[in-house]
Amino acid sequence: AVGFAPANELEGNFIEATSREGFKIAHDISSYSFVALAKAGKDFLSKGNGSLITLSYLGSQKTLPNYNVMGLAKASLEASVRFLAVSLGKEGHRVNAISAGPIKTLAASGVKNFKKMLSYNAERAPLGRNVSTEEIGNAATFLASDLASGITGETLYVDAGFNITAMGSLEDSS
Ligand code: 0WE
């Protein structure tokens, strides 16, 4: 799992913030890197039942403030999961993504208003909270295991259900 866009790409109006160079860097590091990993690593995968897993985010499907070119890169990453799944399927290898809810990590500490995003998500998610790194790890363990032997090319949401909602609850909004 590796994702990156230059910091100036992740702030402000999408059109104004997005440069050709920033687009290139974001897609190279956040999407092509997974294809490169599959290319370099496929011969080292467990014979006949390997599993590749990457990390994505809802910004690939829906807009949110400031995520900008990372949303495009994650959309590309999720498409690469599908194409890689076909490419490696004949050899029995599976390729999936986990689309995680926002989590307070070191990288997230560099993101403006991240605390606000955490409470926004927790408030509106069906489970009424955010997810933990352990819950992402558990889903990854499942996807890597034979319990997920029939699952490939999929993006699995581990986000306390946030992605399935449109209006959340009317209870506490003004
Ligand atoms: O994918 C991510 C993190 C993406 C990210 C974050 C940074 C911060 C520091 C990529 N590149 C950089 N480059 C830096 O210089 N997330 C899902 C977390 C995240 O990042 C956001 C979010 C969320 C959620 C950035 C803006 C808006 C929302």
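We count ligands from 1, going down the list as the structure has it; atoms in each ligand are counted the same way. Along the sequence shown, the residues carry numbers beginning at 1. Excluded from the calculations below are hydrogen atoms, water molecules and symmetry mates; all remaining heavy atoms, backbone and side chain alike, are included.
- Phe114 CE1, 4.1 Å is the protein heavy atom nearest to atom 18 (C) of ligand 1.
- For OH of Tyr120, the number of neighbouring non-hydrogen atoms (other residues, nucleotides, ligands) closer than 6.0 Å is 12 at most.
- Side-chain atoms of Arg82 do not come within 3.5 Å of backbone N or O of Val95 as any donor-acceptor pair.
- Close approach to Pro65 involves these atoms of ligand 1, each under 4.0 Å from a residue heavy atom: 27 (C).
- The contact set between ligand 1 and Ala7, taken as ligand atoms under 4.0 Å from a residue heavy atom, comprises 15 (O).
- Between Arg129 and Glu135, at least one side-chain N (NZ, or NE/NH1/NH2) sits under 4.0 Å from a carboxylate O, which counts as a salt bridge.
- Ring centroid separation for the pair Tyr57 and Tyr67 comes in under the 6.0 Å cut-off.
- Within the 4.0 Å heavy-atom criterion, both parts of Tyr67, backbone and side chain, lie near ligand 1.
- Shown in contact with Tyr57 at under 4.0 Å from a heavy atom are these atoms of ligand 1, numbered in order with element: 17 (C), 24 (C).
- One finds the CD atom of Glu9 at 7.5 Å from the CD1 atom of Ile25 (value rounded to the nearest 0.5 Å).
- Per-atom contact check: atom 6 (C) of ligand 1 touches the protein, criterion being a heavy-atom distance below 4.0 Å.
- The hydrophobic cluster containing Val158, built from Ile/Leu/Val/Met/Phe/Trp/Tyr side-chain heavy atoms closer than 4.5 Å, also comprises Ile53, Leu55, Ile98, Ile103, Val131, Ile136, Phe142, Leu143, Leu147, Ile151, Leu156.
- Remark: among candidates Ala1, Ser99, Ala5, the nearest residue to atom 11 (N) of ligand 1 is Ala5, based on non-hydrogen atoms.
- Listed by number with element, the atoms of ligand 1 under 4.0 Å from a non-hydrogen atom of Met117 are 27 (C), 28 (C).
- Minimum heavy-atom separation, Ala26 to Val69: CB-CG1, 3.8 Å.
- In terms of protein heavy-atom proximity, atom 20 (O) of ligand 1 is closest to Val111 CG2, 3.6 Å.
- Remark: minimum distance from atom 9 (C) of ligand 1 to any protein heavy atom is reached at Ala107 O, 4.6 Å.
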